[in-house]
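Here is the structure we will look at.
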Amino acid sequence: LKRQPSKFAQLRDLLESKQTEFLMEAHNGLSARIVEEAGFKGIWASGLAISSQFGVRDNNEASWTQIVDMLEFMSDATRIPILLDGDTGYGNFNNLRRLVRKLEQREIAGVCIEDKVFPKTNSFISGERQPLADVDEFCGKIKAGKDSQNDPDFSIVARVEALIAGWGLDEALRRAEAYHGAGADAILIHSKLSQADEILAFAREWAGRAPLIIVPTKYYSTPTEVFRKADISVVIWANHLIRAAAAAMAEVAREIYGTETLVNIEDQVAPVSEIFRLQGAEELLAAERRYTASP
Ligand code: SPV
Ligand code: MG
């Protein structure tokens, strides 16, 4: 039986593969398993999605240990690698060092940190007013994270917010180059424009110095072929399962509240047997047959 490469190695392979790869958002154990079953090779543990499934804002209102607890369920439920959206690293270089160790212990394959200030705000909420991290301080954080990892394949992705904050292409490139020099394994360049132009301009200038990751939430209408041609390493579909869940749950709740019956809804929702299957009920039945004495 061929052993699967470690989750750390799997994520590193995705970052370094010659073709454009895809990460899909998940926010708990169930959604993580659904991402894996759909065929994705990796998971984006989105800060927006995880905070919203807790019912709080994407402003570091959930503590970092609450995030790590959720990641443990996600990691246990799946065999594909998880890249954590680690916001700003939940503090300074020292907080990031401890985070990296706790992530490795749970087989979380990598963390993405963004060059903003704790507590962060989601990039799409008045992004241009958000202060950016000092470049040297952020480079120190990246170095500290890299120095504290045990597995050589654990990845640290540096996310550049200069375009979001309105600093322009030159500043974005300057920062990406500095973060790459500090040891980042990949660069995530983010944009809030509805067209991909600034991302594509960045990709052209970056010219493959390190793997490049994008999050086309706002420029969703750009054909994926354009990203392939621009040699984007990884595309992150960042929040579509939490949005799918929110829409579906609201619809079902409204319907049942309004009609006071389940008769219209039974065929619209997953059968209970499907939930059992996703939970792995079959395995427990088999284990019971194996480990408990029959009368
Ligand atoms: C997230 O998924 O939480 C992200 C991506 O950080 S974004 O919301 O686009 O900033
Ligand atoms: Mg986020």
Side-chain angles (χ1 to χ4, degrees), residues 22-28 31-32 35 40 42-64 66-68 70-71 74 81-91 96 99 103 108-133 138 141 155-167 172 175 179 184 186-196 198-199 202 212-222 227 232-246:
F22 302 91
L23 298 183
M24 181 75 206
E25 170 260 313
H27 48 269
N28 56 24
S31 58
V35 168
F40 284 98
I43 291 170
W44 170 246
S46 156
L48 172 63
I50 293 176
S51 58
S52 60
Q53 67 79 40
F54 279 133
V56 299
R57 289 165 288 214
D58 191 12
N59 293 68
N60 299 118
E61 290 184 341
S63 74
W64 74 271
Q66 289 172 321
I67 302 292
V68 168
M70 181 55 88
L71 286 167
M74 293 167 66
I82 298 174
L83 175 63
L84 168 63
D85 170 7
D87 294 341
T88 58
Y90 315 118
L96 183 67
L99 176 68
L103 293 179
I108 306 304
V111 64
C112 175
I113 53 171
E114 61 198 56
D115 56 355
K116 293 204 307 222
V117 179
F118 181 90
K120 56 69 60 79
T121 296
N122 187 275
S123 299
F124 299 143
I125 300 176
S126 19
E128 66 287 347
R129 293 217 305 271
Q130 296 177 19
L132 295 186
F138 197 69
K141 201 182 261 187
S155 295
I156 296 191
V157 176
R159 165 167 161 179
V160 176
E161 290 281 290
L163 300 178
I164 295 275
W167 288 92
R175 283 175 173 265
Y179 305 160
I187 297 296
L188 190 158
I189 183 68
H190 205 11
S191 168
K192 59 179 182 220
L193 302 185
S194 59
Q195 305 294 328
E198 65 177 3
I199 289 297
F202 183 96
L212 196 57
I213 304 178
I214 62 168
V215 185
T217 301
K218 291 285 179 181
Y219 47 99
Y220 62 85
S221 61
T222 308
F227 304 144
I232 300 300
S233 297
V234 175
V235 176
I236 297 177
W237 314 121
N239 48 43
H240 300 80
L241 292 197
I242 192 76
R243 289 164 63 190

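Both counts, for ligands and for their atoms, begin at 1 and track the order of listing.
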Practice problem: Report the C-alpha separation of Ile189 and Leu163 in whole Å, then their side-chain angles, then the decisive distance to 0.1 Å, and conclude whether the side-chain contact (heavy atoms from CB on, under 4.5 Å) test is met. | Solution: CA-CA 8 Å; Ile189 183 68; Leu163 300 178; 3.7 Å; yes
With nothing but distance in play, are any N or O atoms of [X] less than 3.5 Å from an N or O of ligand 1?
X: Phe124; result: no
X: Trp44; result: yes
X: Glu114; result: no

Checklist entry - Would you say Asn239 contacts ligand 1, with heavy atoms under 4.0 Å as the rule? => result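 No; Asn239 lies far enough from ligand 1 that no heavy-atom distance drops under 4.0 Å.
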Against ligand 1, does His190 come closer than 4.0 Å with any heavy atom?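 True for this residue.
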- Item | Spacing of Asn239 atom CG and Met24 atom CE [to the nearest 0.5 Å] |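 Reported value, rounded in 0.5 Å steps: 8.0 Å.
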Next item on the list: Look at the side chain of Asp115 and the backbone N and O of Leu132, then say whether any donor-acceptor pair between them is shorter than 3.5 Å.
Entry: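 Answer holds: no.
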For ligand 1, the portion of [X] having any non-hydrogen atom under 4.0 Å away:
X: Asn122; value: side chain
X: Arg159; value: side chain
X: Leu48; value: both

Compare all side-chain heavy atoms of Ser194 with those of Tyr220 and state whether any distance is below 4.5 angstrom.
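Result no, sub-4.5 Å side-chain heavy-atom pair not found.
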key: Donor + acceptor pair across side chains of Glu161, Ser123 (<3.5 Å)   =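 Yes.
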**Message:** Less than 3.5 Å apart, any donor N or O on the side chain of Glu25 or Ser46 sitting next to an acceptor on the other?
**Reply:**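 Not at all, the side chains of Glu25 and Ser46 share no donor-acceptor pair under 3.5 Å.
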Legend entry - Distance from atom 2 (O) of ligand 1 to nearest protein heavy atom, with residue and atom: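 Answer for atom 2 (O) of ligand 1: Ser46 OG, 2.7 Å.
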Next on the checklist: Give me the residue, atom name and distance of the protein heavy atom closest to atom 1 (C) of ligand 1.
Outcome noted: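 I find the closest protein heavy atom is Asp85 OD2, 3.2 Å.
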Worksheet item: So, do His190 and Phe202 have ring centers that fall under 6.0 Å from each other?
Response: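 That pair fails the under 6.0 Å test.
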- Query: Relative to the ring of Tyr90, is the ring of Trp64 parallel (under 30°), tilted (30 to 60°) or perpendicular (over 60°)?
  - Reply: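 The rings of Trp64 and Tyr90 lie parallel, inter-plane angle below 30°.
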Practice item. Tell me, with the steps shown, if Leu188 and Glu114 meet side-chain contact (heavy atoms from CB on, under 4.5 Å). Key: CA-CA 9 Å; Leu188 190 158; Glu114 61 198 56; over 6 Å; no
| Atom indices of ligand 1 within 4.0 angstrom of Ala238 heavy atoms, with elements |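 That gives atoms 2 (O) of ligand 1.
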For Ser123, atoms of ligand 1 separated by under 4.0 Å from a heavy atom: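 Near Ser123, the atoms of ligand 1 are 10 (O).
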- From the Mg ion (ligand 2) out to just under 2.8 Å, does an N/O/S atom of Asp85 turn up?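 It does; at least one qualifying atom falls short of 2.8 Å.
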